[in-house]
> 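Okay, here's the structure, questions in a sec.
Whatever order the structure lists ligands and atoms in, that order sets their numbers, starting from 1.
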Amino acid sequence: MKIISSPQEMRDFSKSAHAEGKSIVLVPTMGALHEGHLSLIKIAKQNGDICVVSIFVNPTQFGANEDFSKYPRTLEKDLEACRTTGADVVFTPNNEDIYLSDASTHIHEDQISKHLCGVSRPKLFQGVATVVAILFNITAADKAVFGIKDAQQVAIIRRMVRDLFMGVEIIEAPIIREDSGLAMSSRNNYLDPLERNAAKRIYEALLAGKKLVDENCTNVDRVKTTVINAVSNPKTRVIYTEVVDRLTSLPVNTITPGKCRISVAVWYGQTRLIDNLEI
Ligand code: AMP
């Protein structure tokens, strides 16, 4: 497995891979890798010749009071996990390599990013879209794998790729959960045992919402209320619960079974978790 930190070296690598007729599949991550990330690497390997995993904690997607400085950084462990899972290249640029000091170009998606996480984290998706575009350009990826755990992010990246004719094929990966049902996340490391126990309720709440829809309920407010009631406890603050279109992540007024998703974001103490379920 090759470890590359210079963008120029990464570009040169991709150029020679393409010259040899090989395809490149990118898995963008912020590190602190868990089974969810590793499942993306496995999918990448099935979908192309060379799997490139990027590990970069992207400063521009964190707001001023968010957890950029305390975000878990476990590079040695991550490299080992990438090696064992069969990644071909790990791209580990530093901030200065990615953002020149006078960089002044950003990608701003203006519809999907106004909802859900975009309301409480106004900087998030501009930071995400910009860094993903940069990573696509540096790695010359033919395809890229993203987890549907971040469904709104996937919708925005698909929209960016479509609107800007980027020509990168986007592959969606299912959510990997702990045995308790809690969706795996690097931020789960922040949870204390009580919070972790309470956070199990997120998936239970999503399942309760899905059960209603399976019983023919198409009323968005009823489903939202059921989810909010099921997730709530005194230590929790629900940031949002929305029923959205499965593909665009835009809120819907009525539920069409098989075409929607319940998306939630919840605070457990200082930790913000998101999850979703197709309905
Ligand atoms: P992150 O490192 O949190 O930026 O995530 C990198 C990629 O891993 C994103 O495409 C996420 O959607 C994906 N991912 C994170 N957690 C999970 C999970 N539990 N299951 C599947 N994919 C995940």
> Can R158 and E172 be counted as an ion pair, charged N to O under 4.0 angstrom?
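Yes, this pair counts.
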
> May I have the N/O to N/O pairs between ligand 1 and the protein that fall below 3.5 Å, each with atom names and distance to one decimal?
unit_1	atom_1	unit_2	atom_2	d
ligand 1	2 (O)	M30	N	2.9
ligand 1	2 (O)	H37	NE2	2.9
ligand 1	5 (O)	H37	NE2	3.4
ligand 1	10 (O)	G147	N	2.8
ligand 1	12 (O)	G147	N	3.3
ligand 1	12 (O)	G147	O	3.0
ligand 1	12 (O)	D150	OD2	2.6
ligand 1	16 (N)	M184	O	3.3
ligand 1	19 (N)	I176	O	2.9
ligand 1	19 (N)	M184	N	3.4
ligand 1	19 (N)	M184	O	2.8
ligand 1	20 (N)	I176	N	2.9

> Can you tell whether the side chains of K235 and E195 come within less than 4.0 Å, N to carboxylate O?
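So K235 does not pair with E195 through a salt bridge.
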
> Is a salt bridge present between R196 and D192, judged by a nitrogen-to-oxygen distance below 4.0 Å?
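A salt bridge is absent here (no side-chain N lies under 4.0 Å from a carboxylate O).
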
> Quick one: do R83 and E80 make a salt bridge, cutoff under 4.0 Å?
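Salt bridge present between R83 and E80.
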
> Can you list the other members of the hydrophobic cluster that holds I176, where links are side-chain heavy atoms under 4.5 angstrom apart?
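M184, all in the cluster of I176.
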
> Would you say L250 and H115 make side-chain contact, with heavy atoms under 4.5 Å?
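They are in contact (side-chain heavy atoms under 4.5 Å apart), so the answer is yes.
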
